[in-house]
Amino acid sequence: MVLALGLSAFGVGCSDGTEARNESDGTEPLGIGKEVTVPISVAVTTVVSPGSEPRALLRPSYQAGTAQQVTLRTDYRIAQQINDQPSRDFSTPALTIPMTARAGSDGVDLTLGTITSPDPSLAKALTAADGSHAGFDMSELGAITALRLEPSPDTSNAARAALEQAFYQAVYRSIAFPDQPVGEGAVWTVRQEVTGGVALEQVTTATLTKREGDRLTIELEVTQQPQTSVWMMPNNAGTLDIQDYVMQGTGTITVDLGLPLPVSGCITVGGHQAYRDARSASMLQQTINTQVSWTE
């Protein structure tokens with residue numbers, strides 16, 4: 001339950017439509033023996049400044065069948081303290097996931113290569129996941145509308161859970177384009193609900209700092225705010241009052257409109273939270289840091 005709380009506070013999991021599953025909370029990962037599609041909440045874009053001339057609509061322009069070799073790296077660090085007890089490390093191992101992305105008519109299909117991790121036990125478990133499949137359904141604005149996961153049949157629960165968390169991090173660190181023409185210097189926001197035990201509103205502010213043909217350099221600022229004062233614990237285990245919640249970060253990504261996934265970039269988001277059990281007056285505090293990066 002303790003680690004499950006950390007994942008919910010991060011707000012990137014959507015295994016049940018919202019919350020990340022892992023073995024510590026007694027639930028099984030998705031995708032056991034078949035492909036599972038998980039809807040992603042709607043991303044709403046708003047132009048703050050259209051930028052300089054010339055301006056144009058930013059739209060993915062790749063043809064169906066376009067292939068791209070890209071590597072996703074994710075890292076999730078969490079330290080947790082209950083009352084005056086010593087802080088404990090509940091971090092999950094970093095993953096490096098090379099993949100082949102192939103564009104379809106309304107999304108991107110992914111074939112995973114040899115996945116690695118600095119954790120020896122997880123690295124061994126991940127060997128069975130070679131050749132697994134995943135995918136993103138995408139809107140015309142480039143927003144991810146659904147995540148598809150299909151791990152290889154022999155993939156263990158631990159490896160499945162690690163892959164799920166990695167892809168959820170990638171989904172909620174992606175960017176949607178505005179629905180109006182923009183130029184260099186343009187600024188727009190992307191609002192998205194990240195629901196789980198804690199309902200969150202995530203706001204990503206994007207700034208188009210450079211455009212060279214189809215290649216865009218975009219700076220990102222990410223903030224999350226809880227939409228409720230209570231965290232609903234998994235499996236009807238009760239509630240905790242939210243005493244403090246800060247999650248924010250920055251990064252830069254490079255996107256080629258002619259390719260289905262980012263070609264490079266890194267986004268780091270972190271913060272701290274505090275939760276109180278009104279029945280026992282116990283206080284739980286967490287410090288969290290996450291990082292998502294792309295390379296070709």
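Because only heavy atoms are used, hydrogens play no part in the values below, and waters and symmetry mates are left out as well, while side chains stay in.
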Check step by step if side-chain hydrogen bond (donor to acceptor under 3.5 Å, both in side chains) holds for Ser280 and Ser282.
-> CA-CA 5 Å; Ser280 66; Ser282 294; 3.0 Å; yes
Test Thr295 against Arg73 for side-chain hydrogen bond (donor to acceptor under 3.5 Å, both in side chains), laying out the working first.
-> CA-CA 8 Å; Thr295 56; Arg73 292 181 176 88; 2.9 Å; yes
Can Arg215 and Val263 be said to form a side chain to side chain contact (heavy atoms under 4.5 Å, CB included), step by step?
-> CA-CA 9 Å; Arg215 187 151 293 204; Val263 298; 4.0 Å; yes
What's the verdict on salt bridge (Lys or Arg N to Asp or Glu O under 4.0 Å) for Lys210 and Glu212, showing C-alpha distance, side-chain angles and the deciding distance?
-> CA-CA 7 Å; Lys210 187 176 183 180; Glu212 295 179 319; 3.5 Å; yes
Could you walk me through whether Asp89 and Ser91 pass the side-chain hydrogen bond (donor to acceptor under 3.5 Å, both in side chains) test, one step at a time?
-> CA-CA 6 Å; Asp89 186 356; Ser91 305; 2.5 Å; yes
List the steps and the verdict of side chain to side chain contact (heavy atoms under 4.5 Å, CB included) for Val222 and Gln248.
-> CA-CA 5 Å; Val222 181; Gln248 57 192 14; over 6 Å; no
Run the numbers on Thr252 and Glu219 for side-chain hydrogen bond (donor to acceptor under 3.5 Å, both in side chains), then give the verdict.
-> CA-CA 4 Å; Thr252 301; Glu219 291 186 358; 4.8 Å; no
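Once rounded to the nearest 0.5 Å, the distance linking CG of Leu216 with OG1 of Thr254 reads 8.5 Å. In this structure, Asn83 CG and Gln285 CD are separated by 9.0 Å, a value rounded to the nearest 0.5 Å. Rounding to the nearest 0.5 angstrom, the gap separating the OG1 atom in Thr145 from the CZ atom in Phe136 is 11.0 Å. Interatomic distance, Ile115 CD1 to Thr71 OG1, rounded to the nearest 0.5 Å: 11.0 Å. Atom-to-atom distance recorded for Thr45:OG1 and Asp179:CG is 4.5 Å, nearest 0.5 angstrom.
When side chains are defined from C-beta on, Thr74 does not count as touching Tyr168, because their heavy atoms never get closer than 4.5 Å. Contact check for Arg77 versus Ile288: no side-chain heavy atoms found under the 4.5 Å cut-off. Residues Gln81 and Gln286 have side chains not in contact (no heavy-atom distance under 4.5 Å, counting atoms from C-beta outward). The shortest side-chain heavy-atom distance between Phe167 and Leu72 falls under the 4.5 Å cut-off. The closest side-chain heavy-atom distance from Val182 to Leu58 is below 4.5 Å.
Looking at Ile175, Thr204, Leu220 one by one, the single match for side-chain contact (heavy atoms from CB on, under 4.5 Å) with Ile267 turns out to be Leu220. Of the listed residues (Leu284, Leu240, Asp241, Thr239), just one forms a side-chain contact (heavy atoms from CB on, under 4.5 Å) with Trp231, and that residue is Leu240.
Between the side chains of Asp109 and His133, no donor-acceptor pair is found at a separation under 3.5 Å. Inspection of the Ser132 and Ser152 side chains reveals an N or O donor paired with an N or O acceptor under 3.5 Å. For the 3.5 Å distance criterion, the side chains of Glu221 and Thr250 fail to qualify, holding no donor opposite an acceptor. Side chains of Gln165 and Thr92: a donor on one and an acceptor on the other come within 3.5 Å. Using modelled atom types and a 3.5 Å distance limit, the side chains of Gln291 and Arg173 yield no donor-acceptor pair.
Hydrophobic clustering (ILVMFWY, side-chain heavy atoms < 4.5 Å, transitive): Tyr172 and Val203 are in distinct clusters. Placement of Leu259 and Ile97 in two distinct hydrophobic clusters is found when ILVMFWY residues are connected by side-chain heavy-atom separations under 4.5 Å, directly or transitively. Both Val194 and Ile242 sit in one connected hydrophobic cluster of ILVMFWY residues. Membership requires side-chain heavy atoms under 4.5 Å apart, directly or through other members. Hydrophobic clustering (ILVMFWY, side-chain heavy atoms < 4.5 Å, transitive): Leu141 and Val255 are in distinct clusters. No single ILVMFWY cluster, assembled from side-chain heavy atoms under 4.5 Å apart, contains both Tyr245 and Met283.
The backbone N or O of Ala199 sits nowhere less than 3.5 Å from a side-chain atom of Thr228 that would complete a donor-acceptor pair.
Residue pairs meeting the side-chain hydrogen bond (donor to acceptor under 3.5 Å, both in side chains) criterion with at least one member in residues 46-62, sequence neighbours excluded, do not occur.
The pair Arg191-Glu201 meets the salt-bridge criterion, with a side-chain N (NZ, NE, NH1 or NH2) lying under 4.0 Å from an Asp/Glu carboxylate O.
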